[in-house]
There are 2 protein chains.
Amino acid sequence: MPASSETDTFGFIVNDLSRIIRAEMDRRTGEAGLGLTTGEGRVLFNVRRAGPIRQTALAERLGIEAMTLSGLVDRLEGKGYVARQPDPADRRAKLVTLTDAGAAVVAQIEPIAAGIRSDAAQGIDPDDWQRLLVALRAARANLLTSRSEAQSTESTAA
Amino acid sequence: MPASSETDTFGFIVNDLSRIIRAEMDRRTGEAGLGLTTGEGRVLFNVRRAGPIRQTALAERLGIEAMTLSGLVDRLEGKGYVARQPDPADRRAKLVTLTDAGAAVVAQIEPIAAGIRSDAAQGIDPDDWQRLLVALRAARANLLTSRSEAQSTESTAA
DNA sequence: GCCATATAATAAGGATTACTTATTAATATG
DNA sequence: CATATTAATAAGTAATCCTTATTATATGGC
């Protein structure tokens, strides 16, 4: 991939990185015998972190629609990595929980993700890397803000 | 999106940003009456930059498979933004060129992309932003290297 | 010259991510 | 108690990207 002006700006680079990281994750987890997509991995990590959690809340955490999550949970449930349990507080809701098998898989994925991360950071000053993460989080927060502003003015205008 | 340890590392953030930027691009280009997907946009920018170019070379530039590009070019050709011309040097090959309409669309997209970029960079020190870009390009180069190394050892081992 | 091999593009088909709209069931509110 | 809201999902769509196989053309070795 060439480093030229307008075709190598922030958006392009981020898009490239996202595709490359996804492909690397697929490749390395595949080699390790773990058939897991990036989306499924994201769900597992977040379920582990956020404990038994309602699908709505989990979708919000992931920044995806409830319906999109529904399909991901279907697949993960089929693989035996998560379970849907009734929410005692609300009979409509289901709590997504990590199974033992799911926890084991997350533990296996963790070092793979860390490996990709350290490959990516190779040769970059650790302080620079920390600043990079801070700036990226700030950029994400900025874009989320401008998106929600656009949504609110839209609903005000319409 | 919460800022917690293992669920907010480099890969997760990059993935988030990629999704958010794509959604913002879709939204803003849609508002401007330009029905263009991110993939199509990438192709247009690269065709403008790399002039009449063979599909194989263009796919390589974009880091996607020739077949994937074929579909994108189909759609762009349908919209009248690019044309396939025979390569005088090789009758199998086709040169993808930007039409006048395509050039006009790229010119319209450019400020939209710049707007997203400036929204993202809001409140971040310009020097930090420059360092961010340098570090991101380095990370991308690192990952591309580790990928090609993995491919070569794979073929050696097998 | 001629055959084997390699290359350029594409046809065909599949997986994943993610969306929207509408439905069902259950809960909350006025 | 009727209405509105919420949780999950069914159904259908679209984009991106992949793999494998096919067709046409080039090219290098004999």
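Proteins come first, then strands; the chains are lettered A, B, ... in the order of their sequence lines, and each starts at number 1.
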In whole Å, what is the span from the CG atom of D26(A) to the P atom of dC17(D)?
13 Å
Should D125(B) and R131(A) count as an ion pair when the cut-off is N to O under 4.0 Å?
no
For the pair made of CG in D87(B) and P in dA8(C), what is the distance, rounded to whole Å?
10 Å
Nearest 0.5 angstrom please: D8(B) CG to R140(A) CZ, how far?
4.0 Å
Which atom names give the shortest non-hydrogen contact between I13(B) and L133(A), and what distance separates them?
CD1-CD2, 4.2 Å
Test: D16(A) and R137(B) ion pair at under 4.0 Å
no
Using 0.5 Å steps for rounding, measure from the NZ atom of K79(B) to the CD atom of E40(B).
3.5 Å
Rounded to the nearest Å, what distance is computed from the CD atom of residue Q85(A) to the C1' atom of nucleotide dA8(D)?
16 Å
May I have the distance from L69(B) (atom CG) to dT19(D) (atom C1'), rounded to whole angstrom?
16 Å
State the CG-CZ distance between D90(B) and R54(B), to the nearest 0.5 angstrom.
4.5 Å
Give the minimum heavy-atom separation between V47(B) and L98(B), together with the two atoms involved.
CG1-N, 3.7 Å
Indicate yes or no: does E31(B) engage R28(B) in a salt bridge with an N to O separation below 4.0 Å.
no
Is any side-chain N or O of T56(B) closer than 4.0 Å to OP1 or OP2 of dT7(C)?
no
How close or far is atom C1' of dT5(D) from atom CZ of R54(A), stated in whole angstroms?
13 Å
Within this structure, what is the CG-to-C1' distance between L95(B) and dT7(C), rounded to whole angstrom?
15 Å
Which heavy atom of D26(A) sits nearest to which heavy atom of T37(A), and what is that distance?
OD1-CA, 4.2 Å
On DNA chain D, compare the nucleotides closest to A93(A) and N15(A); which residue's is nearer the 5' end?
A93(A)
d(R22(B) CZ, R27(B) CZ) to nearest 0.5 Å is 15.5 Å
Looking at K94(B) and E77(B), does any basic side-chain N land under 4.0 Å from a carboxylate oxygen?
no
Over how many whole Å does the gap from I20(B) atom CD1 to dT17(C) atom P extend?
17 Å
Near DNA chain D, under 4.0 Å by heavy atom, which residues of residues 73-83 of chain B?
R75(B)
In B/S/- notation (B base, S sugar-phosphate only, - none; protein heavy atoms under 4.0 Å), nucleotides 19-30 of chain C written 5' to 3' is BB----BBS---
Side-chain donor/acceptor of N15(A) to backbone N/O of G11(A), under 3.5 Å
no
Given dA8(C), dT10(C), dT9(D), which nucleotide is nearest the side-chain atoms of S70(A)?
dT9(D)
Strand contacts (DNA chain C) in residues 104-114 of chain B, 4.0 angstrom heavy-atom criterion
none
Under 4.0 Å between a side-chain N/O of T37(A) and OP1 or OP2 of dT17(C), yes or no?
yes
Taking atom P of dA8(C) as reference, at what distance in whole Å does atom CZ of R84(B) sit?
15 Å
